[in-house]
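First the structure, in the form of C-alpha cells, and then the observations on it.
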Amino acid sequence: MTTSSTPSSAGPAVLPPEDPGAARGAGAPYTARLALVGDRSPGVRSHARVPGLLDALARREQLVLDAYWISTEDAGHDGALAGFDGVWLLPGSPYRSEAGALAAVRTARERGIPFLGTCGGFQHAVLEYARTVCGLGGAAHAESPERPAAAGEDEQLLVVPLTCSLVGHEGVIEITPGTLAAQVLGTTRTLERYHCAYGLNAEYLDVLREHGLRFSGADERGEVRIAELPGHPFFLATLFQPELAGDGTGAHPAIRALAGAAVAHAARVTAGAATRA
C-alpha cells in the first residue's frame with residue numbers, strides 16, 4: 001500500500017453492477033488503485049487513520065490498495081481520476097475546492113467506479129446528485145466558502161447545520177433491510193461515530209428519492225445518515241466516519257467493502273484488457 005499524492009494515468013472503464021463484496025476475504029491477487037480525495041492534513045484525525053487502515057486491509061483481508069491522495073483542487077482537473085478502481089471522498093470540509101469534490105463524485109458515479117463518501121463526502125455526494133441528476137442547480141452547502149455571500153433567489157440549501165452538532169458524538173443508526181448498507185454492515189442497527197455539524201435538509205429528500213437516490217440509514221429520530229445508489233457497482237455515502245471506528249487497527253465494514261469493490265473493479269478491468277488483447 002502506498003499513499004502518494006500523484007495520480008495514475010491509465011483510463012477507467014464503465015462496468016456492470018456486481019456484488020460489492022465479491023472480492024472480500026478471497027485472497028484476491030489484484031492490486032486496486034484507490035483515490036483518496038480530500039485536502040490532506042495532519043490535523044484531521046480521519047486522514048491520519050487512513051494509512052493504518054489500508055495496511056490492515058492488506059495484512060488481514062488480502063485486499064491490497066495502491067492509494068494516492070488527490071487534493072480537491074486537483075480532483076477537478078480533466079483525467080484526475082483516470083485509472084482508479086475506487087474513490088473515497090474523505091472528511092475535511094469545507095474543501096479547498098467544492099467544484100473538485102463534486103467532480104470526483106460525478107466521475108465515480110457516471111463511470112461506475114466504486115465510491116465511498118464519509119462525513120463531508122456524504123454531504124457532497126448528495127449535493128452532486130441534487131445538482132446533476134435532480135436538476136437542482138441552486139442546491140448549496142451552508143458551510144461552503146464558494147456559496148455567494150448574499151444568497152440568490154434560486155439558492156436551495158440542501159446541506160444545513162444540524163440542530164444538534166454531532167462533533168465527537170456516537171449515535172445509533174437504523175438500517176433498511178435489503179439495502180447495500182445492510183449487506184455491508186451485516187446488521188439493521190449499528191452504533192457509529194461522528195465528527196460532523198451539517199446534515200441534509202429534509203425538504204429535498206423526496207425529490208432525491210424520486211430521482212433514484214436511496215436513503216438506507218437514519219438515526220432514531222429519522223434523520224438521514226446513509227445514502228446509496230442502486231444499480232451502481234458500489235456507491236455508498238455515510239454521514240458518520242467509519243475511519244474513526246475502533247482503535248484504528250482494523251477497517252470498518254464500509255471501508256472493507258469499498259476495498260473489495262475496488263479490487264473486483266481492478267479484476268474486471270484486467271480481464272477486459274486481456275479479452276481485447
Side-chain angles (χ1 to χ4, degrees), residues 20-21 36-38 44-50 52-54 56-57 86-95 101 105 108 114-129 141-143 158-177 179-202 205 208 213-229 234-261:
L36 302 170
V37 180
V44 178
R45 188 181 174 203
S46 68
H47 295 184
R49 281 275 186 113
V50 168
L53 296 175
L54 299 184
L57 283 167
V87 175
W88 184 356
L89 182 55
L90 286 145
S93 60
Y95 298 120
V105 176
F115 172 85
L116 177 65
T118 58
C119 195
F122 164 93
Q123 297 158 9
H124 287 75
V126 179
L127 184 62
E128 188 279 327
Y129 201 85
H141 193 310
E143 185 187 36
L158 178 71
V159 182
V160 294
L162 293 168
T163 303
C164 297
S165 172
L166 291 172
V167 173
H169 287 259
E170 289 186 332
V172 171
I173 300 174
E174 304 287 350
I175 312 297
T176 304
T179 60
L180 173 63
Q183 177 187 346
V184 165
L185 299 175
T187 184
T188 57
R189 184 179 174 87
T190 181
L191 180 68
E192 301 293 348
R193 188 172 298 177
Y194 296 87
H195 195 83
C196 182
Y198 290 82
L200 300 185
N201 185 340
L205 298 183
L208 289 159
L213 196 64
R214 175 183 288 170
F215 298 112
S216 51
D219 71 5
E220 293 175 301
R221 295 178 297 178
E223 295 186 3
V224 170
R225 298 293 181 251
I226 305 175
E228 58 187 65
L229 186 58
F234 183 92
F235 191 100
L236 188 68
T238 69
L239 190 63
F240 64 87
Q241 293 191 13
E243 59 274 15
L244 298 184
D247 61 3
T249 60
H252 184 282
I255 300 170
R256 200 160 60 239
L258 171 67

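Positions are given from 1 along the sequence. Keep in mind that what you see is a predicted model, and the values were worked out from it rather than measured.
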In short, Ile175 meets Thr187 closest at the heavy-atom pair CB-O, 3.7 Å
Just verifying a value: how many Å separate Leu213 CG and Leu205 CG, rounded to the nearest 0.5 Å?
9.5 Å
d(Ile173 CD1, Thr188 OG1) to nearest 0.5 Å is 12.5 Å
About how many Å separate CG of Asp219 and CD of Glu174, when rounded to the nearest 0.5 Å?
9.0 Å
Partners of Glu128 by salt bridge (Lys or Arg N to Asp or Glu O under 4.0 Å), sequence neighbours excluded?
Arg109
Interatomic distance, Leu54 atom CG to Arg49 atom CZ [nearest 0.5 angstrom]
13.0 Å
Taking ring pair (Phe, Tyr, Trp, His ring centres under 6.0 Å) as the test, write out the residues that go with Phe215, two or more places apart.
none
Contacts of type ring pair (Phe, Tyr, Trp, His ring centres under 6.0 Å), residue His47, not counting sequence neighbours:
Trp69
Salt bridge Glu220-Arg189, side-chain N to carboxylate O under 4.0 Å:
yes
Who passes ring pair (Phe, Tyr, Trp, His ring centres under 6.0 Å) against His252, sequence neighbours left out?
Phe240
My understanding is that only residues two or more places apart in sequence, or in another chain, count here; which of them pass side chain to side chain contact (heavy atoms under 4.5 Å, CB included) with Ala56?
Arg59
Sequence neighbours excluded, the answer for side chain to side chain contact (heavy atoms under 4.5 Å, CB included) partners of Pro94 is Glu143, Pro145
